Participant: 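This structure is in structure tokens; I'll ask about it shortly.
Not measured: the values here are computed from a predicted model.
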Amino acid sequence: MSLRDKDQIRISSRRIRLTELGCIAVCLLFCAMFGWKYTIAPLVSSSSRATKNTIVYNAIKNYAIEGDYLDRSGTLIMGNASAGSPASASSPMNKSYAWLLGYYSVSSGRENRFGLRGNLADYSLFRLNRSNKGASVTLTTDNRLQNYAFKTILDGTEGSVTVIDNRTGAILCLASQSTITYDVNKVETLLESTVEGSQFRRGTFENDPPGSTFKVVTSAAAIKAALDNHYDEEWFSYNDNGVYVPENSDFTITNFNNKAYGELNLKRALNNSVNCYFANLGNKVGEARLKEMAEAFMVGKDIEIPFLTTLHSGIDFGKGTPAEIAQIAFGQGSTQITPVHICLIAQAVANGGVMMQPYIVDSIYRGRYPLYAARQQILSKVLSSDVDTELKRIMHSTAEVYGLKEGSYGMVYAKTGTAECPNDRIHIYIMGFTEDASFCISMNNRTNSHYLYDKAKQLVRKINEVYGRQ
């Protein structure tokens, strides 16, 4: 072989190697781009994840079967899906659970998520078994409570009902009624109203002043201050003439119906929800202690409910003037809180001063294979046992004022609240707890929280029934 032939072979071999290297580089680049776009980017970018999900969903929607949703006893809430058709809920769950379940859909290349179905789509739609069915989700809710709260307690009135197990933080009921009645089997019913905020879940979306339910927080701060400083009962005394004007202020605070109560202690003041008493008490306790207690109850902090939402709240003492402290102390001012969070305040008192992490998804299974199991967690250690015991004593006496007598309803503890909100809205609440579960009934478009006395009696009876106390 000539030298020229050898050179030609070397050149040809070099070209082949360069071509091979080029092909390998192109393949690696393609794999890297594909891996980034469909594997790594979806983990770090919500928009990339949505893009990937829309592609996957469009590919599987004709044969994928949505997983079932069950309540805590294993009773079906939503299921019976078939290939290409979503799961459905029977009456009354199609409406009582609608705001909790929500939806998952893809339209015009865009991913749409709301509620549990939206947040759990990665399990119930995208993790298919050999029969192409998604994972089954067991919730902590009780169908009896959920349906009763929606049909009997709310009865078409805009608001929410929350029930939480005292010891675990499990949400047994979260029923909502908005300006429209959403039917989970008919997503288009969400479009029946253009009212701002009408497409949101009341119990977790509404962020309003807590009204007089916040007097429980002020009471806790005062009881703690008295114990820490060895104050006697006289420290809690106040002579109410029906008007309170904070120091260095022309701001006037009055009681409901302009009533004057005369000599008061903490128990009688909470029983009658005396605004002037708590405005004065807030200033006696002071901004630092009141703020510390509010933060212990997680006011001003975010609270996550896994797979559902994050509760937001806020509290702002401004410059800490006596007028600003007074308004916060009786439940007005700048404080904003959701009804579910108000229920958690009750749960903390019920549970010996320990607030538990709220949760609504108990477990997720693909066949017999567990994909997720909830863990009970402490969210905040709020009250010492001596503060908690005294607060319970006063809240129980308040519940009896509302007609929740021990002989008929067992041990019940409660506090109502009426909040004046922007745009002339009135928001009423009753929060409380039995020996087993805590509750908050929240309603809009009502002017007086006395309306909730009978609603609370109905709910407490149902809670006692569910826990086998009746």
Participant: Could you walk me through whether H427 and S442 pass the side chain to side chain donor-acceptor pair (under 3.5 Å) check?
Facilitator: CA-CA 7 Å; H427 199 155; S442 157; 2.6 Å; yes
Participant: Between R289 and E292, does any side-chain N to carboxylate O distance fall below 4.0 Å?
Facilitator: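 So R289 does not pair with E292 through a salt bridge.
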Participant: Carefully, step by step, assess N272 and F256 under the rule side-chain contact (heavy atoms from CB on, under 4.5 Å).
Facilitator: CA-CA 9 Å; N272 292 280; F256 179 68; over 6 Å; no
Participant: Are R144 and D71 ion-paired here, with the side-chain N under 4.0 Å from a carboxylate O?
Facilitator: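 Salt bridge flag = no for D71 with R144.
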Participant: Which label fits Y402 and Y453: parallel for a plane angle under 30°, tilted from 30 to 60°, or perpendicular past 60°?
Facilitator: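 Ring orientation of Y402 relative to Y453: parallel.
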Participant: I'd like to know if R425 and E420 make a salt bridge, using a cut-off of under 4.0 Å between side-chain N and carboxylate O.
Facilitator: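 Not counted as a salt bridge, because no side-chain N and carboxylate O are separated by less than 4.0 Å.
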Participant: How far apart are the C-alpha atoms of N444 and E206, what are their side-chain angles, what is the distance that settles it, and do they pass the side chain to side chain donor-acceptor pair (under 3.5 Å) test?
Facilitator: CA-CA 10 Å; N444 300 324; E206 289 180 314; 2.6 Å; yes
Participant: CD of Q146 to CD1 of I77: how many Å apart, nearest 0.5 Å?
Facilitator: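 Going from the CD atom of Q146 to the CD1 atom of I77 covers 8.0 Å.
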Participant: Checking salt bridge (charged side-chain N to carboxylate O under 4.0 Å, His left out) for the pair R202/E158: CA distance, chi angles, key distance, verdict?
Facilitator: CA-CA 8 Å; R202 298 289 102 186; E158 185 176 302; 3.4 Å; yes
Participant: Using atom types as modelled and distance alone, determine if a side-chain donor or acceptor of Q177 lies under 3.5 Å from a backbone N or O of M443.
Facilitator: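 No, Q177 side chain to M443 backbone: no donor-acceptor pair under 3.5 Å.
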Participant: Counting N and O atoms only, with roles assigned by atom type, does the side chain of N185 sit under 3.5 Å from a partner on the main chain of A89, one being a donor and the other an acceptor?
Facilitator: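 Yes.
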Participant: Any sub-3.5 Å donor-acceptor pair from S334's side-chain atoms to D316's backbone N or O?
Facilitator: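 Yes, because the side chain of S334 sits within donor-acceptor range (under 3.5 Å) of the backbone of D316.
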Participant: Check this for me, if you would: do K392 and D388 make a salt bridge, where the nitrogen-to-carboxylate-oxygen distance has to be below 4.0 angstrom?
Facilitator: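 Counted as a salt bridge, because a side-chain N and a carboxylate O are separated by less than 4.0 Å.
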Participant: Cut-off 3.5 Å, side chains only: do D183 and N94 have a donor facing an acceptor?
Facilitator: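 D183 vs N94: donor-acceptor pair found between side chains.
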Participant: side-chain contact (heavy atoms from CB on, under 4.5 Å) between L101 and F114: does it pass, once the steps are laid out?
Facilitator: CA-CA 8 Å; L101 292 170; F114 175 65; over 6 Å; no
Participant: Run the salt bridge (charged side-chain N to carboxylate O under 4.0 Å, His left out) check on R469 and D436 step by step: do they pass?
Facilitator: CA-CA 10 Å; R469 291 189 181 271; D436 305 297; 2.5 Å; yes
Participant: Are any of the side-chain heavy atoms of V460 and L404 separated by less than 4.5 Å?
Facilitator: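 The answer is yes; the side chains approach within 4.5 Å.
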Participant: So, T254 and N275: side-chain donor and acceptor under 3.5 Å apart, yes or no?
Facilitator: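 Checked: T254/N275 side chains show no N/O donor-acceptor pair below 3.5 Å.
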Participant: Between N448 (side chain) and H450 (backbone), is there a donor-acceptor pair under 3.5 Å?
Facilitator: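 Such a contact is found between N448 side chain and H450 backbone.
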Participant: Of all the heavy-atom pairs spanning A294 and I315, show the shortest one and how long it is.
Facilitator: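 Looking at all heavy atoms of both residues, the closest pair is CB-CD1, 3.9 Å.
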Participant: Take V361 and Y123 through the side-chain contact (heavy atoms from CB on, under 4.5 Å) test and state the conclusion after the steps.
Facilitator: CA-CA 12 Å; V361 175; Y123 291 97; over 6 Å; no
Participant: Can you confirm whether more than 12 heavy atoms, excluding those of K95, are under 6.0 Å from its NZ atom?
Facilitator: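 Atom NZ in K95 is not packed in, count stays at 12 or less.
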Participant: Tell me, with the steps shown, if I364 and L120 meet side-chain contact (heavy atoms from CB on, under 4.5 Å).
Facilitator: CA-CA 10 Å; I364 305 174; L120 288 163; 3.7 Å; yes
Participant: Is there a donor-acceptor pair under 3.5 Å between the side chain of H396 and the backbone N or O of V412?
Facilitator: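 Pair found, side chain donor or acceptor close to backbone of V412.
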Participant: Any side-chain to backbone donor/acceptor pair from T168 onto A170? Under 3.5 Å, distance only.
Facilitator: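 Such a contact is found between T168 side chain and A170 backbone.
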Participant: Show your working on ring-ring contact (aromatic ring centres under 6.0 Å, His included) between F205 and F200 and close with a plain yes or no.
Facilitator: CA-CA 6 Å; F205 166 72; F200 291 91; 4.4 Å; yes
Participant: Go through the steps to decide whether N112 and S107 satisfy the test side chain to side chain donor-acceptor pair (under 3.5 Å), and finish with yes or no.
Facilitator: CA-CA 8 Å; N112 306 293; S107 58; 3.1 Å; yes
Participant: Return the orientation label for the F126 and Y104 ring planes: parallel under 30°, perpendicular over 60°, tilted otherwise.
Facilitator: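 Geometry flag for Y104 against F126: perpendicular rings.
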Participant: Just by distance, with hydrogens left out, do E324 and T321 show a side-chain donor and acceptor under 3.5 Å apart?
Facilitator: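 There is such a pair (donor and acceptor under 3.5 Å, judged by atom type) between the side chains of E324 and T321.
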Participant: If you define the side chain from C-beta out and look only at heavy atoms, does anything of S313 sit under 4.5 Å from M298?
Facilitator: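 S313 does not reach M298 side chain to side chain.
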Participant: Would you call I463 and F439 a side-chain contact if the rule is heavy atoms closer than 4.5 Å?
Facilitator: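 They are in side-chain contact.
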Participant: Have a look at M356 and tell me which of N166, L344, L379, I378 forms a side chain to side chain contact (heavy atoms under 4.5 Å, CB included) with it.
Facilitator: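 Answer to the side chain to side chain contact (heavy atoms under 4.5 Å, CB included) test with M356 among N166, L344, L379, I378: I378.
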Participant: Check whether any side-chain heavy atom of R201 sits under 4.5 Å from a side-chain heavy atom of S178, and report yes or no.
Facilitator: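 In short, these two side chains do not touch, never coming nearer than 4.5 Å.
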Participant: Report yes if some heavy atom in the side chain of N445 is under 4.5 Å from a heavy atom in the side chain of I426; otherwise report no.
Facilitator: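 Side chain of N445 against side chain of I426, heavy atoms only: no contact under 4.5 Å found.
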Participant: Report yes if the side chains of L383 and F297 come closer than 4.5 Å at any heavy-atom pair, otherwise no.
Facilitator: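 Touching, per the 4.5 Å side-chain cut-off.
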Participant: So, R127 and D122, do they make that salt bridge, N to O below 4.0 Å?
Facilitator: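 So R127 does not pair with D122 through a salt bridge.
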Participant: Would you say T398 and N271 are linked by a side-chain donor-acceptor pair, where the criterion is simply a distance under 3.5 Å?
Facilitator: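 Yes, T398 and N271 have a side-chain donor paired with an acceptor closer than 3.5 Å.
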Participant: Where do T162 and V340 come nearest, in terms of heavy atoms and distance?
Facilitator: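 Here T162 and V340 meet closest at OG1-CG2, 3.5 Å.
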Participant: Please answer whether the main-chain N or O of Y409 pairs with a side-chain N or O of N464 as donor and acceptor at a distance below 3.5 Å.
Facilitator: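 Present.
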Participant: If you look at every heavy atom in I337 and P210, which pair is closest and at what distance?
Facilitator: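 Scanning both residues completely, I find the closest heavy atoms to be CG2-CB, 3.5 Å.
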Participant: Tell me, do F330 and F214 make a side-chain contact under 4.5 Å, heavy atoms counted?
Facilitator: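 Counting from C-beta outward, F330 and F214 never come under 4.5 Å.
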Participant: Examine the side chains of N129 and Y365 and answer whether a donor and an acceptor come within less than 3.5 Å of each other.
Facilitator: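 Note: N129 and Y365 side chains miss the donor-acceptor criterion.
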Participant: Just wondering, are more than 12 heavy atoms of other shown residues or ligands nearer than 6.0 Å to NZ in K455?
Facilitator: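 Enclosed: over 12 neighbouring heavy atoms sit under 6.0 Å from NZ of K455.
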Participant: Can you confirm whether the side chains of S88 and N80 place a donor and an acceptor under 3.5 Å from each other?
Facilitator: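 No, no side-chain donor-acceptor contact under 3.5 Å.
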Participant: On a heavy-atom basis, which atom in G203 and which in P339 lie closest, and how many Å separate them?
Facilitator: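 Minimum heavy-atom separation between G203 and P339: O-CD, 3.3 Å.
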Participant: Can you check side chain to side chain donor-acceptor pair (under 3.5 Å) on R446 and Y451, steps first, answer last?
Facilitator: CA-CA 8 Å; R446 298 280 179 177; Y451 173 79; 3.2 Å; yes
Participant: Supply the atom-to-atom distance L116 CG to S124 OG, rounded to the nearest 0.5 angstrom.
Facilitator: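 Reported to 0.5 Å precision, the distance equals 9.5 Å.
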Participant: Any luck finding a side-chain donor-acceptor pair between S212 and K215 under 3.5 Å?
Facilitator: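 There is such a pair (donor and acceptor under 3.5 Å, judged by atom type) between the side chains of S212 and K215.
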Participant: Is L125 close to Y57 at the side-chain level, that is, under 4.5 Å between some pair of heavy atoms?
Facilitator: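 They are in side-chain contact.
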Participant: With no hydrogens and no angle check, is any side-chain donor or acceptor of N255 less than 3.5 Å from a backbone partner on K259?
Facilitator: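 Indeed, once roles are kept as given, a pair shorter than 3.5 Å links the two residues.
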Participant: Does the plane of the ring in F307 sit parallel, tilted or perpendicular to the ring in Y372? Use 30° and 60° as the thresholds.
Facilitator: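 Answer is perpendicular, since the angle exceeds 60°.
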Participant: State whether a side-chain donor-acceptor pair under 3.5 Å links K415 with S273.
Facilitator: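 Yes - a donor-acceptor pair under 3.5 Å links their side chains.
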Participant: Is any side-chain N of the basic residue among R72 and D142 closer than 4.0 Å to the acidic one's carboxylate O?
Facilitator: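 Yes, charged N to carboxylate O under 4.0 Å.
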Participant: Do you know the tightest heavy-atom contact between P209 and G331?
Facilitator: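 The pair with the smallest heavy-atom distance is CB-O, 3.7 Å.
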Participant: Could you pull out the closest heavy-atom pair between A456 and I430, with the gap in Å?
Facilitator: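 Distance-wise, the nearest heavy atoms are CB-CD1, 3.7 Å.
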